[in-house]
Amino acid sequence: MGKCYPFGEIEAKWQRIWEERGTFRAREGGDKPKYYVLDMFPYPSGAGLHIGHPEGYTASDILARYRRACGYNVLHPMGWDAFGLPAEQHALQTGISPKINTDQNVEKFRSQIKRMGFAIDWEREINTTDEDYYRWTQWIFLQLFKHGLAFVDERPVWWCPELKAVLSNEEVINGRSERGNYPVERKQLRQWVLRITAYAEKLLDGLERLDWPDSTKRQQQAWIGRSEGMEIDFAVENSTKKITVYSTRADTLMGVTYLVLAPEHSLVEKITTQANGKAVADYRRETARKGDLERTDLAKDKSGVFTGAFAVHPLTGEKVPIWVADYVLPSYGTGAVMAVPAHDDRDYEFAQKFHLPIRTVVGPQGAEPELPFCPEGVLRNSGEGLDGLDSAAARGVFLNRLEAKGMGRSAVKYKLRDWLFSRQRYWGEPIPILWVSEEDYGPLKRMKDSPFQEFMPDEPVFFEENGRRFYAIPLPSSQLPLVLPTVEDYRPSDGGESPLSRAKWWIEVEVQGHTGEIRPAGGPPGDGWFRASRESNTMPQWAGSCWYHLRYLSPHCATAAVDPTAEAYWGCPDFYIGGAEHAVLHLLYARFWHRFLHEIGVPTTVEPYPKLFHQGIILGEDGSKMSKSRGNVVNPDRVIGDYGADALRLYEMFLGPLEAMKPWDSRGICGVSRFLQRAWSWFIGEDGTLSSRFRGDAEENALTQRILHSSIKKVREDIEELRFNTAISQLMVLLNHLQELPAAAPETGRIFLQLLAPFAPHIAEELWERMGGIRSIAEVPFPDYVPEKIATGTVTVVVQVNGKVRSELQVASDATREEVLRLAQADGIVGAHLVDREIVKEIYVPNRLVNFVVR
RNA sequence: GCUCGGGUGGCGGAAUUGGCAGACGCGCUAGACUUAGGAUCUAGUGCCGCAAGGCGUGGGGGUUCGAAUCCCCCCUCGAGCACCA
């Protein structure tokens, strides 16, 4: 690039001034309406800022600056989601503590983000790993515990041997870890679990009112996976047992030819006949060994074994064999299904393989169905009074009949599973729980005045080990934050325990039931002292991001997670922007916590993020995902050094629609850089002083007025609709026109700068100041357009003959239909196409077009 | 396999309710200024054609005076879900 405006100097200058003046500090109160813009806060990775980060942040910054200029009191904060596995793995490799590593990374991220010149209130910066932050994360956990929503359970969990960590359902993709793509397996472990399923219905209903991308709503909907069906009881022949199945297609009840139990189903052992015992046991063992990848691989053949037992059809009394097969999942519905091979793909495949009977009971009206026939249809072969009914009606009839016999009921099921909340890791929030023995729990529970009563749930939470019970005791808030202790060794144990479990001095404690005091084990015995062990698991990374939008409102509040006055003023974010990869993880968990917190009286809002937007991904120059191995990574520091932050901001917004996936183009940034250079040169002459083109007496002609005012209109509308690429192109159109003018009114220059300011704030501030601006351009009201200056006297009307454009006319905007048609016919080129033709129809669209239909 | 969302010049992308397809930018061509140009400025730039004109929004069909836009079929790319009964 040739000569450049001094962006390096200007950008540093204005970033310093904004900080010194506190230009973007947000305070509660005043008459202005509030506007809270939130970015998904970054995980400060060691790699530093990625070129993708500034995309979302610039978008939110444009909105923040625009809204401020439109008279809103704007809150635009930033912080760090800094717990997480990479810092811990880094510690394992280097021995540097995650704390130190994280602090360094935050330092780097902060300085890189500051170089972008965002209108952020840095006094509100938060960090999920700060004690003052996570004490409230722990407090929220205790509230969940108190309300019976946090409990422990021995359950099969996803265990990743490579990461030596337990993963949540959401963190496992096709049998591999989301992070690192390592294989995972099933393992029985005692785990903390949050009862998110209790909120399934609310989380589903709440989606409707959210202004979110459709695809994200659909993803959450599918994840919650509500289905309506029936539970149907099948008696087991020669037994008092019954098998309850769940089905959404009870209309196919008469087509049942066998039942299937999940291998883990508790009845399997009880009903299997002796003759089949070995085969079933072998099969169950085989299933247990398999990872879910193997088990759920769709391509694989169906497998299963016969139990030797039979069930009794609740309506026909017919005997149907009971099988065990791993295509039935233990964790959904009742873990047992009625198999209707004629009308279910999976049952059909299974029946084919094991030569089980197939009975057709539903089909299209009239024609014979091709099996398996899975859509709804009309009943056949189902018996008197049923044949001919459509599926929905048939379900109603079956429901009545089964209900009458006490053998069926309607039921709603969800795919959503409870949230596995403990991690066997070091770098996370310690779970503020103590474990005491059964003998100590009783007395402690009876101390009504004990601080340990503060978060005590109605139902005790306990686990059993070697025949002994251990009870969970919540720390009182006086003991928060429970600080993550310093340890030497960050390795998890092979047995799946947290590195914290090795810190015996921290784990083994004694608690004073009366006072809430806690001391290391080995103190003198006395009244009210009990032995206890701390919970060694930590919280998953999602915990801190579940409520950070609330912490920004009063980041320094020492008495509450969020100050009620601040919360009452700011409420929840009016706009939330971040990547689509969080569609079901962070966004579902945060909705759960926020709603829970709302129910216990913390935030006044029910939903945390009423309006959400996902920015797209910026691909490498070769059109593939940016990655070190491909060597197509663009370094933001480098770009800022070469072209300046304004150019980077402008370029990322100009690339294409904000939500789209788009490739980086290193030549494209030259284009926007040239635009900024041209803008600079329009204001500043060769000698470095304000250009002489600005004359107080200059008056813009109608064309200039029209372009200027339609630019104001378009920029306003485009910003509000997040169409930043077209807003910028309009700014280019405007500048292209202004450059043609021999002289300009200072006011015209100022309006141009105000329109530019949200996108390229540094250059706009600098030129604004040189144009005589006293206040920061960020604080000057955004210009409004004058409609009369856009709608000038004449409009262009296109003239078509048989739909083909032949000419265009300049006519007065208030011209009548007759006048325009007459002018159109009088047009020379049009006339040539009308010669010897008969006009059969005349189409007239006011101020737009004329179309002659001829023969 | 199922469910969504896309396919517009050499490239990124524009186009209220169906009403001038290709705004803006990149690139390219020619010219100017220059010792020089990967700087700047000027002009041009969808395709075919000397022109008149014709053809053009993944392909095919349809509705309409008029379709990138609406309807049907097909091709293709991307995302999500993936034995949830």
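Throughout, a chain's letter reflects where its sequence line sits, starting with A, and its residues are numbered from 1.
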Close N/O contacts between protein and nucleotides 6-8 of chain B (under 3.5 Å):
none

How would you list, by chain and number, every residue that makes a side-chain hydrogen bond (donor to acceptor under 3.5 Å, both in side chains) with A:Arg678, sequence neighbours excluded?
A:Asn736, A:Gln739

Partner set under salt bridge (charged side-chain N to carboxylate O under 4.0 Å, His left out) for [X], not counting sequence neighbours:
X: A:Glu376; answer: A:Arg395
X: A:Glu838; answer: A:Arg855
X: A:Lys217; answer: none

Nucleotide-resolved protein contact map, nucleotides 61-70 of chain B, B/S/- at heavy-atom distance under 4.0 Å:
----B-----

Pairs meeting criterion ring pair (Phe, Tyr, Trp, His ring centres under 6.0 Å) with involvement of residues 656-677 of chain A, two or more places apart:
A:Tyr651-A:Trp664

Pairing string of RNA chain B (Watson-Crick or G-U wobble, both atom distances under 3.5 Å; | = paired to other strand) is (((((((..(((......[....)))((((((.......))))))(((....)))..(((((..]....))))))))))))....

Atom pairs, protein N/O to nucleotides 10-13 of chain B N/O, distance under 3.5 Å:
unit_1: B:G12; atom_1: O2'; unit_2: A:Leu655; atom_2: O; d: 2.7

What nitrogen or oxygen pairs link the protein and nucleotides 50-58 of chain B at under 3.5 Å?
unit_1: B:G54; atom_1: OP1; unit_2: A:Arg806; atom_2: NH2; d: 3.3
unit_1: B:G54; atom_1: OP2; unit_2: A:Arg806; atom_2: NH1; d: 3.3

Kindly write out the residues that satisfy ring pair (Phe, Tyr, Trp, His ring centres under 6.0 Å) with A:His265, not counting sequence neighbours, or none if the list is empty.
none

I need the CG-P distance between A:Leu722 and B:A14, as an integer number of Å.
14 Å

Quick note, salt bridge (Lys or Arg N to Asp or Glu O under 4.0 Å) partners involving residues 577-589 of chain A, not counting sequence neighbours, are none

